[in-house]
Chemist: 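One structure, as structure tokens, below. Some questions next.
We're numbering straight along the sequence, starting at 1.
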Amino acid sequence: MALIRHIPFLKAVLRYTLTAFGGPQAHLGMMMKTFVHKRRDVTELELIDYNTFCQIIPGASSTQTLTLIGYKRGGLLLAVLTLLIWILPASILMGAISFFMTGNDSEVASRLFRFVQPMAVGFLVYASFTALKVSVKNLITWVVMLLSAAISFYYFKMPWMLPVLIVLGGIVTNFSNRRIPEKEVIKPRQVRWTNIWLFVFIFAVAGILSETARKQEWEHRKAYNMFENFYRFGSLVFGGGDVLLPMMLDQYVARPDATRVQEKNPNAIRIPRDELLTGYGVVRGVPGPVFSVASYTGGVIMKDEGKTMQLIGCAIGTVAIFLPSALLVLFFFPVWQYLKKYVVVYRALEGIHAVVVGYMFAAAMYIMGNIRHTMDTRDFMIQLGVISATFLLLRYSRVPAPVIVLVCMIAGALS
């Protein structure tokens with residue numbers, strides 16, 4: 001019965017899932033519009049705090065942030081249901097695409113979703129200005145934010161960049177005792193280790209089974225190898241889908257052609273570069289998490305072993321890539337909430353939030369720069385118009401986020 005009262009929330013999650021185009025750049029802005037300003041499930045500060053925390057740990061940050069909204073609202077069960085509603089539509093669609101997608105189809109998807117990327121920038125700019133208002137309130141946070149934006153823009157593709165900046169931002173704002181007073185004495189809290197031990201156990205077992213399957217040439221060795229690959233990706237990747245792609249290119253395109261690998265593992269999993277890039281391009285036009293590209297990749301890896309094994313490959317890719325994110329966020333978040341009560345961590349949050357705001361502005365500028373370099377002046381002005389219109393509608397109107405997405409897609413289809 002307790003779950004029934006959360007049905008409106010789960011419906012909102014489903015509507016958000018089916019319209020969350022544009023990748024992680026747009027997701028935070030859409031969360032801000034849907035779960036903060038429209039439904040008020042969380043406050044602006046809570047959402048920024050969740051997003052900040054998810055940037056610190058590895059995994060799919062948009063997925064983890066949405067999971068925490070469900071966790072805050074209804075505990076573990078609602079968090080799991082929120083996670084499933086978020087990942088399943090995109091994963092099912094991307095898995096289905098692996099059965100018939102070819103390299104040429106990416107051009108069709110590109111034309112259909114031509115306004116999705118600038119729309120995503122508009123959502124990101126909206127989220128950035130909203131976060132700026134909440135998180136940047138004094139001179140030191142302005143300095144941290146501006147420096148973070150400049151450094152993030154210059155080193156945007158470096159996966160180590162954001163964690164390092166977050167640590168430095170927290171250190172800088174700890175030098176002042178004036179802005180944040182001392183807190184009450186903290187009582188020790190027992191840590192529940194179940195999730196982290198389960199995470200480590202699965203990591204170890206996946207590695208052992210993968211290596212055994214390779215050495216003994218098991219019949220369906222690819223399935224074991226693939227689970228280990230994607231579980232490792234989900235456990236180690238910082239920076240979301242834009243960092244996941246280089247890891248997959250290295251694992252499935254570059255590494256199998258290396259002389260050392262050919263000698264040691266001649267049957268290593270290989271994926272043609274065009275097929276992998278096609279999936280990455282298509283996932284940008286699919287609502288939901290960018291990590292759902294693992295469902296497509298799993299299907300592509302297993303396609304030579306029959307339709308049943310290809311379907312199993314899609315399922316393995318989905319479970320393996322998202323499971324570490326869920327285990328890590330649900331273990332570390334209660335610990336994070338406890339640690340925030342300590343003065344040193346509480347003061348650090350001021351700088352950490354400012355760093356994340358700077359990173360959001362840098363991401364918007366970086367994407368706009370990429371758009372500018374790939375088209376002529378006329379097309380860029382049109383894209384800039386989409387960015388501006390999206391931001392203005394979000395900032396000054398009550399137009400729901402799904403309507404903005406639908407209009408952009410219709411405009412792209414008719415253009």
Side-chain angles (χ1 to χ4, degrees), residues 9-10 12-32 34-35 41-42 46-74 76-95 120 123-124 127 159 162 195 199 230-245 247-248 280 283-284 286-298 314-315 317-333 336 356 363:
F9 170 76
L10 294 175
V13 173
L14 180 60
R15 286 194 297 270
Y16 167 75
T17 298
L18 297 177
T19 55
F21 292 90
Q25 290 80 20
H27 293 164
L28 184 62
M30 295 187 73
M31 287 183 204
M32 189 78 71
T34 302
F35 300 107
D41 294 302
V42 292
E46 284 176 324
L47 181 59
I48 295 168
D49 185 52
Y50 294 171
N51 183 60
T52 299
F53 165 69
C54 294
Q55 301 292 344
I56 299 174
I57 61 175
S61 56
S62 295
T63 300
Q64 292 168 328
T65 302
L66 188 61
T67 301
L68 288 180
I69 295 176
Y71 184 81
K72 184 258 183 181
R73 208 186 141 74
L76 181 60
L77 178 59
L78 192 63
V80 173
L81 290 175
T82 301
L83 173 66
L84 292 175
I85 292 173
W86 168 243
I87 67 176
L88 284 179
S91 298
I92 291 172
L93 183 56
M94 289 302 296
F123 273 102
L124 182 57
L162 184 56
N195 278 7
F199 166 80
F230 280 111
Y231 193 84
R232 172 162 43 88
F233 295 160
S235 303
L236 301 177
V237 64
F238 287 90
D242 291 327
V243 179
L244 178 62
L245 177 64
M247 295 179 74
M248 291 197 298
Y280 185 73
V283 78
R284 289 296 185 173
V286 170
V290 174
F291 272 45
S292 62
V293 72
S295 307
Y296 165 88
T297 308
C314 296
T318 303
V319 173
I321 199 70
F322 286 109
L323 183 57
S325 296
L327 292 175
L328 288 173
V329 75
L330 293 176
F331 168 75
F332 282 111
F333 185 68
W336 173 249
V356 172

Chemist: Using only atom types and a distance under 3.5 Å, with no angle test, would you say the side chain of Lys72 pairs donor to acceptor with the backbone of Ala79?
Modeler: no

Chemist: Using the test ring pair (Phe, Tyr, Trp, His ring centres under 6.0 Å), find all partners of Phe53 that sit at least two apart in sequence or belong to another chain.
Modeler: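 Result, ring pair (Phe, Tyr, Trp, His ring centres under 6.0 Å) vs Phe53: Phe333, Trp336.
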
Chemist: Looking at every heavy atom in both Ala294 and Phe230, which two are closest together, and how far apart are they?
Modeler: CB-CE2, 3.6 Å

Chemist: Suppose the criterion is side-chain hydrogen bond (donor to acceptor under 3.5 Å, both in side chains): which pairs have a residue in residues 321-330, not counting sequence neighbours?
Modeler: none

Chemist: Are any of the side-chain heavy atoms of Thr318 and Phe322 separated by less than 4.5 Å?
Modeler: yes

Chemist: Rounded to the nearest 0.5 Å, how far does CD1 of Ile321 lie from OH of Tyr231?
Modeler: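 Here the interatomic distance stands at 11.0 Å.
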
Chemist: To the nearest 0.5 angstrom, please state how far the CG atom of Asp49 sits from the SG atom of Cys54.
Modeler: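 It is 9.5 Å, given to the nearest 0.5 Å.
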
Chemist: Nearest 0.5 Å please: distance from the CZ atom of Phe9 over to the CG atom of Leu81.
Modeler: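 Between atom CZ of Phe9 and atom CG of Leu81 there are 10.0 Å.
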
Chemist: Between Asn195 and Phe332, is there a side-chain heavy-atom distance shorter than 4.5 Å?
Modeler: no

Chemist: Dump the intermediate steps for side-chain contact (heavy atoms from CB on, under 4.5 Å) on Val329 and Tyr71, then the final yes or no.
Modeler: CA-CA 10 Å; Val329 75; Tyr71 184 81; over 6 Å; no

Chemist: Have a look at Leu47 and tell me which of Leu68, Thr52, Val42 forms a side-chain contact (heavy atoms from CB on, under 4.5 Å) with it.
Modeler: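 Among Leu68, Thr52, Val42, the one meeting side-chain contact (heavy atoms from CB on, under 4.5 Å) with Leu47 is Val42.
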
Chemist: Just by modelled atom types, is the Met31 backbone N or O under 3.5 Å from a matching donor or acceptor in the Thr34 side chain?
Modeler: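 Here the side-chain-to-backbone pair does not exist.
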
Chemist: Ignoring hydrogens and angles, write down the donor-acceptor pairs under 3.5 Å from the side chains of residues 82-90, residues two or more places apart or on other chains.
Modeler:
| residue | atom | partner | partner atom | Å |
| --- | --- | --- | --- | --- |
| Thr82 | OG1 | Leu78 | O | 2.7 |
| Trp86 | NE1 | Thr63 | OG1 | 2.9 |

Chemist: Look up atom CD1 in Ile92 and atom OG in Ser295, then write down how far apart they are to the nearest 0.5 Å.
Modeler: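 OG of Ser295 is found 9.0 Å from CD1 of Ile92.
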
Chemist: I need the Ile69 CD1 to Asp41 CG distance, nearest 0.5 Å.
Modeler: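 Those atoms lie 7.5 Å apart.
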
Chemist: Roughly how far, to the nearest 0.5 Å, is the OG atom of Ser292 from the CG atom of Leu93?
Modeler: 8.0 Å

Chemist: Before you tell me yes or no, could you show the steps for Ser62 and Leu28 under side-chain contact (heavy atoms from CB on, under 4.5 Å), namely the whole-Å CA-CA distance, both residues' side-chain angles and the distance that decides it to 0.1 Å?
Modeler: CA-CA 7 Å; Ser62 295; Leu28 184 62; over 6 Å; no

Chemist: Do any N or O atoms from the side chain of Gln64 and from the backbone of Pro58 form a donor-acceptor pair under 3.5 angstrom?
Modeler: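 Side chain of Gln64 to backbone of Pro58: a pair is present.
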
Chemist: Keeping the roles fixed (side chain from Tyr16, backbone from His27), state whether a donor-acceptor pair exists under 3.5 Å.
Modeler: yes

